[in-house]
**Q** 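Let me begin by handing over the structure; questions about it come next.
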Amino acid sequence: MIKIDSEKRKEYKIQPPPQHTVFEYGRGNIADYMQKKGVLLQEKYRKKSEEERVESRVQEELDFYIHEEACEKMFHHCREMALTEKEAMGFLIGDVKYWNKTYAVVYEVATASLEASPVYVRFHREAFEELFDRLDEIDYEYVLVGWYHSHLGYSSFMSVIDIETQKKYFNQPFHAALVIDPILGEMKAFRLSENECVEIPYAIFR
Amino acid sequence: MKITIKDAETGNRINMEIDDDNTVEEIIEEAANYWKKTPGAYVIRLGKKILQADLTIEEAMLQDGDVIEFIPDPEGG
């Protein structure tokens, strides 16, 4: 016999969003920001992809925040993988909070060994134990608020396979996907809204 | 025996009562159905180990109070 006794839903902490933003998408140029962080790569690393682009409309309201250190880790991971002509990927780990509206905060990222090519990426089966170690280091009730992955010079967009992942795993209103292109100097955030792909603004905070 | 299942994507948890003759697969299916997830799409972890669906509770060494967690297995292109 299996019986579900009760469900404990995650409670969203009531707290103002991060105030010390160092970059806000739509107000600054992310390529300049990436240049300053020394993560841009030369054109010679650019790859071609036949991936079908899923068109997305744009949401204006800001409700997605990324800690600067987490952002730098993602940038460097994407850069290092691009140097080996492979896509990078990882989880966005953080929390969901409330202040007049629900918003998500990425405090850290986690990745592990990948099965990757210039146009495809997933975790190695054996890599999950590395990920579990990383998750066990977190000392708060974390939520996987989304995932990131890179595109090698064919721009930041959601492909059909990316949308499938988003629908299968990251389909809550606070979830996001970050797509980083370290060659073109792009980072865009996307989410699903009524089963449609929406580009959303984000802020990087210190 | 009582165990807890955590959904890493939302932070939600369910408390579940199970018997020794249940299998890991039955637990996963029950939780996945409750959360409207695809059962086979997730990596299920118990501590630092991946729980294999075909194990019995005894083989998986599940104990009263254990927390198992649904972890996504994303693919990007």
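Below, chain A is the first sequence line, B the second, and so on; all start at residue 1. Just so we're clear, the structure is a prediction, and the values are computed from it rather than from any experiment.
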**Q** Any chance you could measure I28(B), atom CD1, to T23(B), atom OG1, to the nearest 0.5 Å?
**A** 8.0 Å

**Q** Could you tell me whether E196(A) and R57(A) make a salt bridge, using a distance below 4.0 angstrom between a side-chain N and a carboxylate O?
**A**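 Yes.
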
**Q** Side chain, backbone, both or neither: which part of E51(A) has an atom under 4.5 Å from a heavy atom of chain B?
**A**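 Just the side chain, heavy atoms under 4.5 Å.
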
**Q** Under 4.5 Å heavy-atom distance to chain B, tell me which part of S159(A) shows up: side chain, backbone, both or neither.
**A**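 Just the side chain, heavy atoms under 4.5 Å.
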
**Q** For side chain to side chain donor-acceptor pair (under 3.5 Å), just list the numbers for D181(A) and S155(A), CA-CA rounded to whole Å, side-chain angles, deciding distance to a tenth of an Å, and then say yes or no.
**A** CA-CA 6 Å; D181(A) 189 325; S155(A) 83; 5.6 Å; no

**Q** Under 4.5 Å heavy-atom distance to chain A, tell me which part of K6(B) shows up: side chain, backbone, both or neither.
**A** side chain

**Q** Does the pair D63(A)/R191(A) count as a salt bridge with the N-to-O cut at 4.0 Å?
**A** yes

**Q** Under a 4.5 Å heavy-atom cutoff, which of A31(B), G47(B), P72(B) has the most pairs with chain A?
**A**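 Among A31(B), G47(B), P72(B), the one with the most close pairs to chain A is P72(B).
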
**Q** Just so I understand: if I count every heavy-atom pair under 4.5 Å between each of H175(A), Q166(A), Q172(A) and chain B, which residue has the most?
**A** H175(A)

**Q** Which of the residues T4(B), I5(B), D19(B) is involved in the greatest number of heavy-atom pairs with chain A at under 4.5 angstrom?
**A**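 Top count of heavy-atom pairs under 4.5 Å with chain A: D19(B).
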
**Q** Where on V96(A) is there a heavy atom nearer than 4.5 Å to chain B: the side chain, the backbone, both, or neither?
**A** neither

**Q** Can you say whether I71(B) sits under 4.5 Å from chain A via the side chain, the backbone, both, or neither, judging by heavy atoms?
**A** side chain

**Q** Classify the ring geometry of Y33(A) against F23(A): parallel below 30°, tilted from 30° to 60°, perpendicular beyond 60°.
**A** tilted

**Q** Let me know if M1(A) has heavy atoms under 4.5 Å from chain B in its side chain, its backbone, both or neither.
**A** both

**Q** Heavy-atom cut-off 4.5 Å, strictly under: side chain, backbone, both or neither for N22(B) against chain A?
**A** side chain

**Q** Identify which of E11(A), M158(A), E115(A), E141(A) forms the greatest number of heavy-atom pairs closer than 4.5 Å to chain B.
**A**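 Maximum pair count with chain B is reached by E141(A).
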
**Q** Which one, L135(A), D133(A), N171(A), L144(A), leads in non-hydrogen pairs under 4.5 Å with chain B?
**A** L144(A)

**Q** With respect to chain B, which residue among H149(A), K3(A), E129(A), K168(A) yields the maximal number of heavy-atom pairs within a distance under 4.5 Å?
**A** K3(A)

**Q** Starting at NZ of K10(A), measure out to OH of Y142(A) and round the result to the nearest 0.5 Å.
**A** 10.5 Å

**Q** Pick from E164(A), E130(A), R125(A): which one has the most heavy-atom pairs with chain B under 4.5 Å?
**A**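 Top option by heavy-atom pairs under 4.5 Å: R125(A).
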
**Q** Only pairs of heavy atoms separated by less than 4.5 Å count here; which of K48(B), M16(B), E75(B) has the most with chain A?
**A**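 Top count of heavy-atom pairs under 4.5 Å with chain A: E75(B).
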
**Q** For the residue pair Y65(A) and Y103(A), is the inter-centroid distance of their aromatic rings smaller than 6.0 Å?
**A** yes

**Q** State, to 0.1 Å, how close V106(A) and F205(A) come at their nearest heavy-atom pair, and which atoms those are.
**A**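 Closest pair (atom of V106(A), atom of F205(A), distance): O-CE2, 4.2 Å.
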
**Q** Does the separation of the ring centres of Y148(A) and F75(A) fall below 6.0 angstrom?
**A** no

**Q** Under a 4.5 Å cutoff for heavy-atom pairs, which residue among D136(A), L131(A), V179(A) has the most contacts with chain B?
**A** D136(A)

**Q** Check whether R46(A) reaches the backbone of G153(A) with its side chain - one donor and one acceptor, N or O, closer than 3.5 Å.
**A**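 Judged by distance alone, yes, a pair lies under 3.5 Å.
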
